[in-house]
Amino acid sequence: MTAAALRFIAIDNLVKDYRASSGLFAKAETLRAVDHVSLSIERGESLGLVGESGSGKTTFGRCILRLVKPTSGKVMFDGIDVLSLEAKALRTLRRRMQIVFQDPYGSLNPRMTVGAAVREPIVVHGIATKKNANERVAGLFDEVGMDPSYMERYPHELSGGQRQRVGIARALSLEPEFIVLDEPVSALDVSVQAQVLNLLADLRNGRGLTYLLIAHDLAVVRHVADRVAVMYLGKLLEVAPAAEAYSEPLHPYSTSLLSAIPKPDPEGQTERIVLSGDMPSARSRPPGCAFYPRCPHPGKNDECRSNEPPLEEVSPGRFVACFRADEPMRVDS
């Protein structure tokens, strides 16, 4: 799947390698966190990127924003080649691309009031003067569902959900068009997760935002994402419209993730597919299909073990990397 430059966001053949060593005198090895990923995101779309911890999701998101420098590939944002920009031009572009981090406490300065944390980028980028910035911050707090009186509090005085709302307000402070949401609710209590997800949906509709929503739980992105991309060991295994991804997943990994979603009706609960073992290390990728050692598909064979399946379009808008995609496993959703 080749990302076209005319897309709002187009990622083409993105690779991110790290050099890692297991000891002081050990030879350095290459760890490939993102492995030739091509993907596009339309303006106003919410794309859910899901997969287990260690699958490369966060690295991929940070490469798009150039918070992490990719090893190779291309990232186009509204026709701008992000990876070729010099520091000054990149700083200007950052106003249009923002991120909400997974850990709302770790992303805030404990010595700075939360109001000051939101005000800082507004002043630095010259969007408002110090005098007018407070009014802008108060408006942002109100927009994310917090009383402006909380502006004078410090991070430790807020709950996890309140801190994440501050993080969202800070991301909105520069009037961005695209936001990477990196596991935005995984550190929150279950009772608060739905509130934050509803807030993100309302902000997207009200502001016309474009999202890349990163999560390890398919249930998190179910009601927020228009499309779903499934990543495993740095590679995309499936990309599909959300409705189709949940009703009829084609890849065994997607099916396994879907089976883990709890259902409110105990009688309607399907049997969970428990994957054997852990995800292989990126230092020692298995030959052939990376998912083969854990694949529960009854039809997996020597072709899967020896050859790597390409990501191919099997129907309009549906891409899957599996030799058994014409014999999908079934999970009632």
Side-chain angles (χ1 to χ4, degrees), residues 1-14 34 37-51 55-67 73-82 93-100 168 171-172 174-185 196-231 236-251 254 257-258 311 313-320:
M1 181 173 56
T2 302
L6 54 86
R7 304 291 189 188
F8 182 51
I9 300 168
I11 302 98
D12 189 20
N13 220 24
L14 195 70
V34 179
V37 173
S38 295
L39 195 60
S40 63
I41 307 175
E42 301 287 354
R43 186 185 293 274
E45 182 182 30
S46 178
L47 175 67
L49 182 62
V50 298
S55 60
K57 310 181 301 297
T58 292
T59 302
F60 176 73
R62 295 188 179 197
C63 282
I64 295 175
L65 302 179
R66 224 177 93 177
L67 296 176
K74 178 173 282 191
V75 177
M76 301 295 294
F77 177 83
D78 200 18
I80 301 170
D81 187 348
V82 177
L93 186 65
R94 292 228 188 275
R95 288 183 54 176
R96 303 177 64 187
M97 304 189 302
Q98 288 292 301
I99 185 170
V100 174
I168 294 169
L172 294 174
L174 298 180
E175 301 291 335
E177 301 165 51
F178 171 58
I179 301 180
V180 173
L181 303 163
D182 185 9
E183 300 270 13
V185 298
V196 173
L197 288 172
N198 288 335
L199 169 64
L200 291 171
D202 291 343
L203 290 171
R204 176 197 165 199
N205 294 331
R207 286 175 169 254
L209 296 168
T210 303
Y211 287 159
L212 174 63
L213 174 56
I214 296 171
H216 63 269
D217 186 350
L218 270 168
V220 168
V221 303
R222 184 164 201 160
H223 301 294
V224 181
D226 301 310
R227 279 192 305 145
V228 175
V230 179
M231 181 174 276
L236 289 181
L237 299 188
E238 184 167 0
V239 182
E244 296 177 32
Y246 285 98
S247 64
E248 192 177 5
L250 298 181
H251 199 283
S254 306
L257 293 176
L258 186 62
L311 187 68
E313 189 170 20
V314 295
S315 64
R318 294 212 68 176
F319 298 81
V320 64

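- The two atoms that bring R318 and A240 nearest to each other are NE-CB, 3.4 Å, heavy atoms only.
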Exercise. Verify side-chain contact (heavy atoms from CB on, under 4.5 Å) between L197 and V220, making sure each step is shown before the conclusion.
Key: CA-CA 8 Å; L197 288 172; V220 168; 4.1 Å; yes

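- With E183 contributing its side chain and H216 its backbone, the two residues share a donor-acceptor pair below 3.5 Å.
- Although no hydrogens or angles enter the test, the distance criterion places a donor-acceptor pair under 3.5 Å between the side chain of E238 and the main chain of H251.
- Expressed to the nearest 0.5 Å, how far CG of L14 lies from OG of S38 amounts to 8.5 Å.
- Summarising the geometry, atom OG1 belonging to T59 is positioned 9.0 Å from atom CE belonging to M231; distances are rounded to the nearest 0.5 Å.
- A distance of 9.0 Å separates CZ in R43 from CD1 in I9, rounded to the nearest 0.5 Å.
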Exercise. Would you please test I41 and F8 for side-chain contact (heavy atoms from CB on, under 4.5 Å) and show each step?
Key: CA-CA 6 Å; I41 307 175; F8 182 51; 5.8 Å; no

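- The shortest side-chain heavy-atom distance between D81 and M76 falls under the 4.5 Å cut-off.
- Between the side chain of K57 and the backbone N or O of G51 there is at least one donor-acceptor pair closer than 3.5 Å.
- Atoms CZ and CD1, on R62 and I214 in that order, are 8.5 Å from each other to the nearest 0.5 Å.
- Shortest non-hydrogen contact noted between V228 and V221 is CG2-CG2, 4.5 Å.
- The two residues V50 and L218 make their nearest non-hydrogen contact at CG2-CD2, 3.8 Å.
- A distance of 6.0 Å or more separates the ring centres of Y211 and F178.
- Partners of H223 under the side chain to side chain donor-acceptor pair (under 3.5 Å) rule, at least two apart in sequence or in another chain, do not exist in this structure.
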Practice problem: Just do the side-chain contact (heavy atoms from CB on, under 4.5 Å) check on I179 and L172 with the steps written out, would you? | Solution: CA-CA 9 Å; I179 301 180; L172 294 174; 4.0 Å; yes

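- Salt bridge absent: E177 and R207 never bring a charged side-chain N and a carboxylate O closer than 4.0 Å.
- Note that the CG atom of L181 and the CG atom of L200 stand 5.5 Å from one another [nearest 0.5 Å].
- In this structure R204 satisfies the side chain to side chain donor-acceptor pair (under 3.5 Å) test together with D226, sequence neighbours excluded.
- Across all their heavy atoms, A229 and L236 have their closest contact at CB-CD2, 4.1 Å.
- Between L174 atom CG and R96 atom CZ the span is 13.0 Å, to the nearest 0.5 Å.
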Self-check item: Working for side-chain contact (heavy atoms from CB on, under 4.5 Å), residues L49 and L47
Solution: CA-CA 6 Å; L49 182 62; L47 175 67; 5.6 Å; no

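- Minimum interatomic distance between L203 and L209 (heavy atoms only, all atoms of both residues): O-CD1, 3.8 Å.
- Closest heavy-atom contact between I99 and A171: O-CB, 4.0 Å.
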